[in-house]
There are 2 protein chains.
Amino acid sequence: MSDTPDSKPMGAGRQLLFLREEELRLAQDLLFFGYRDFTAGPDALLAEINMGRAHHRVLHFVGRRPGITVGELLSILGITKQSLGRVLTPLIEDGYVVQAHGRNDRRQRLLSLTPKGQELERKLFERQREWVMRAYREAGPVAVEGFRRVMRGLMGAEARAQLDRAEPAQGTGLPIGPSRSVA
Amino acid sequence: MSDTPDSKPMGAGRQLLFLREEELRLAQDLLFFGYRDFTAGPDALLAEINMGRAHHRVLHFVGRRPGITVGELLSILGITKQSLGRVLTPLIEDGYVVQAHGRNDRRQRLLSLTPKGQELERKLFERQREWVMRAYREAGPVAVEGFRRVMRGLMGAEARAQLDRAEPAQGTGLPIGPSRSVA
DNA sequence: TTTTTGGGTCAGTCTTGTTGACACATTAAA
DNA sequence: TTTAATGTGTCAACAAGACTGACCCAAAAA
């Protein structure tokens with residue numbers, strides 16, 4: 001929006017360029033196409049066994065945090081329990097996920113993957129793993145670190161907190177390009 | 001996949017680390033949360049006027065390429081014409097989008113935004129603009145360049161070609177971290 | 001003992017995607 | 001010029017995944 005009107009052709013100009021509308025519209029495009037193609041692999045696999053992306057999400061987050069409670073899962077996914085129920089119940093009935101009573105609080109249902117569930121999750125993961133690995137390799141380590149920083153920034157404070165709670169600082173947060181842009 | 005089998009403890013080790021499973025699972029998380037929160041702003045606005053994300057996509061891509069044909073739009077969105085019809089028809093009826101016959105091929109319907117459509121698109125854009133700008137600022141220019149490189153890599157070849165056709169190399173494709181990782 | 005919490009479920013609705021089948025005008029080909 | 005092929009529209013039916021609202025139950029907390 002604002003910004004020193006003209007100033008020197010370089011310097012502040014870089015900042016202007018950096019934030020100009022076209023660059024932000026490009027971000028919209030990149031996120032749309034990128035996310036769509038990122039999910040395409042697993043989606044195809046899931047379709048074969050009559051499941052959808054929602055099932056994958058459950059498998060992913062339960063696999064990531066075995067023993068997670070239904071409530072925690074709900075808060076991570078940001079959906080209602082009715083919505084979760086429609087995918088979780090079949091996953092349990094079909095033997096992909098198991099429930100256990102909480103030891104301290106017997107009302108809780110602690111979720112975890114069965115071997116069958118782990119196997120499916122792994123297949124789905126492999127698809128995305130290869131896809132992301134290709135992108136990471138082509139872009140290089142510096143770019144990957146930048147990608148992580150920006151993606152974190154695109155997350156709301158809530159999601160960021162959840163992620164941090166779950167993973168002890170996986171690499172982002174330390175090195176590379178401190179925000180002192182302008183340069 | 002490949003990689004000089006063992007070699008020195010450092011060097012190739014870095015590459016190994018770089019691609020290890022946890023880092024790729026983190027990417028899954030980042031994309032899920034990041035994309036979700038990226039779309040949250042416009043979604044809220046759209047809900048107020050009884051529209052959805054699909055309407056936004058149409059406004060976005062028609063705004064980006066005025067005079068685009070229905071067929072081109074379909075191929076960009078990657079959906080069926082019936083799906084498109086359900087959002088496009090109302091947008092036309094409500095005066096957000098106009099159609100014109102193609103000059104060369106009168107079968108074509110060239111789409112563009114009305115002033116009303118431009119206004120709505122801009123409001124939606126402003127939401128995302130601020131959100132992305134915050135993320136970009138916090139991450140810094142180097143990170144942004146990396147973000148772009150990785151997102152491009154996450155796109156399928158088709159989508160990448162479409163994007164390139166539409167925009168003449170917006171900045172990514174030139175400088176920064178050449179893929180010669182290993183270091 | 002009463003209330004709150006964690007979880008489940010029934011019923012109905014909405015958006016956005018899908019197939020399949022036609023219809024119509026226009027352009028290209030035989 | 002007749003005959004495809006193409007670009008677009010549309011009806012109908014269906015599915016996934018999200019939502020709201022209303023209730024229910026068992027266990028934990030007050």
Side-chain angles (χ1 to χ4, degrees), chain A residues 32 35-36 39-40 42-62 67-94 97-111, chain B residues 32 35-37 39-40 42-62 67-94 97-112:
Chain A
F32 171 66
Y35 189 74
R36 191 186 60 182
T39 54
D43 283 355
L45 252 182
L46 289 157
E48 294 172 15
I49 53 177
N50 270 306
M51 293 200 211
R53 205 175 288 177
H55 300 84
H56 187 192
R57 286 188 196 128
V58 170
L59 292 171
H60 171 76
F61 285 110
V62 171
I68 190 175
T69 67
V70 170
E72 287 168 341
L73 188 53
L74 281 175
S75 114
I76 285 176
L77 294 174
I79 60 178
T80 61
K81 63 178 170 179
Q82 294 92 325
S83 295
L84 175 59
R86 229 199 354 244
V87 290
L88 181 55
T89 303
L91 282 173
I92 292 169
E93 286 171 349
D94 294 351
V97 173
V98 278
Q99 293 177 316
H101 289 280
R103 294 122 331 221
N104 305 325
D105 187 337
R106 285 181 48 81
R107 288 172 305 180
Q108 295 180 331
R109 298 287 182 270
L110 309 183
L111 306 172
Chain B
F32 170 66
Y35 189 74
R36 190 186 61 182
D37 294 347
T39 54
D43 283 355
L45 252 181
L46 288 157
E48 293 172 16
I49 53 176
N50 270 306
M51 293 200 211
R53 206 176 288 179
H55 299 83
H56 187 192
R57 288 189 192 126
V58 170
L59 291 171
H60 172 76
F61 285 111
V62 171
I68 190 176
T69 68
V70 170
E72 287 168 341
L73 187 52
L74 282 176
S75 113
I76 286 176
L77 294 174
I79 59 177
T80 61
K81 64 179 170 180
Q82 294 91 325
S83 295
L84 175 59
R86 225 186 5 231
V87 289
L88 181 55
T89 303
L91 283 172
I92 291 170
E93 285 171 351
D94 295 350
V97 174
V98 277
Q99 292 177 314
H101 289 280
R103 295 123 330 224
N104 304 325
D105 188 336
R106 285 181 48 80
R107 287 171 304 179
Q108 295 181 332
R109 297 288 180 271
L110 309 182
L111 305 172
S112 42

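Letters A, B, ... are given to chains in the order of the sequence lines, protein chains preceding strands, and every chain is numbered from 1.
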task = Please confirm whether any donor atom in the side chain of A:Arg107 sits under 3.5 Å from an acceptor in the base of C:dT5, or the reverse.
result = yes

ask   = Do B:Arg109 and D:dT8 have a side chain to base donor-acceptor pair shorter than 3.5 Å?
value = no

request  = Choose from D:dA18, D:dA28, C:dG7 the nucleotide whose nearest atom is closest to any side-chain atom of A:Thr69.
outcome  = C:dG7

message = Can you say whether a donor on the side chain of A:Arg86 sits under 3.5 Å from an acceptor on the base of D:dA18, or the other way round?
response = yes

ask   = Would you say B:Leu84 and B:Val87 make side-chain contact, with heavy atoms under 4.5 Å?
value = yes

query = Got A:Arg109 and A:His101 here, is their nearest side-chain heavy-atom distance under 4.5 Å?
reply = yes

inquiry  = Below the 4.0 Å mark, does D:dC19 have OP1 or OP2 next to a side-chain nitrogen or oxygen of A:Thr80?
reply    = yes

task = Answer with yes or no whether B:Gln99 presents, from its side chain, a donor or acceptor under 3.5 Å of a partner atom in the base of D:dG9.
result = no

ask   = Any donor-acceptor pair under 3.5 Å linking the side chain of A:Thr89 with the backbone of A:Arg86?
value = no

note = note: B:Gln82, atom CD; C:dT16, atom P; distance rounded to Å ~ 16 Å

task = To the nearest Å, give me how far apart NZ (B:Lys81) and P (C:dA21) are.
result = 13 Å

inquiry  = In whole Å, I'd like the distance from the CG atom of B:Asp43 to the P atom of C:dT16.
reply    = 9 Å

query = Within this structure, what is the CG-to-P distance between B:Asn50 and C:dT15, rounded to whole angstrom?
reply = 6 Å

query = Can you tell me how far C1' of C:dT16 sits from CG of B:Leu91, to the nearest Å?
reply = 14 Å

task = Report the distance from atom CZ of B:Arg36 to atom C1' of D:dA18, rounded to the nearest whole Å.
result = 13 Å

query = Roughly, in whole Å, what's the span from CZ in A:Arg53 to C1' in C:dT18?
reply = 14 Å

task = Would you mind reading off the distance between B:Leu84 atom CG and D:dT10 atom P, rounded to a whole angstrom?
result = 11 Å

task = Looking only at side-chain atoms of A:Thr89, point me to the closest of D:dT8, C:dT9, C:dT27.
result = C:dT9

remark   = Out of D:dG9, C:dT26, D:dG17, minimum distance to the side chain of B:Arg106 belongs to C:dT26

task = For residues B:Thr69 and B:Leu110, determine if any side-chain heavy atom of one lies less than 4.5 Å from a side-chain heavy atom of the other.
result = yes

inquiry  = From C-beta outward on A:Ser83, which listed nucleotide comes closest to its side chain: C:dA11, D:dA18, C:dG6?
reply    = D:dA18

request  = Give one of base, sugar-phosphate or nothing for B:Gly85, where a contact means two heavy atoms less than 4.0 Å apart.
outcome  = nothing

ask   = Would you say a side-chain N or O of A:His55 is under 4.0 Å from OP1 or OP2 of D:dG17?
value = yes

Closest-nucleotide ordering on DNA chain D, the 5'-leading residue of B:Gly71 and A:Arg103 = B:Gly71

message = How long is the straight-line distance from CD1 of A:Ile92 back to CD of A:Gln99, given to the nearest 0.5 Å?
response = 3.5 Å

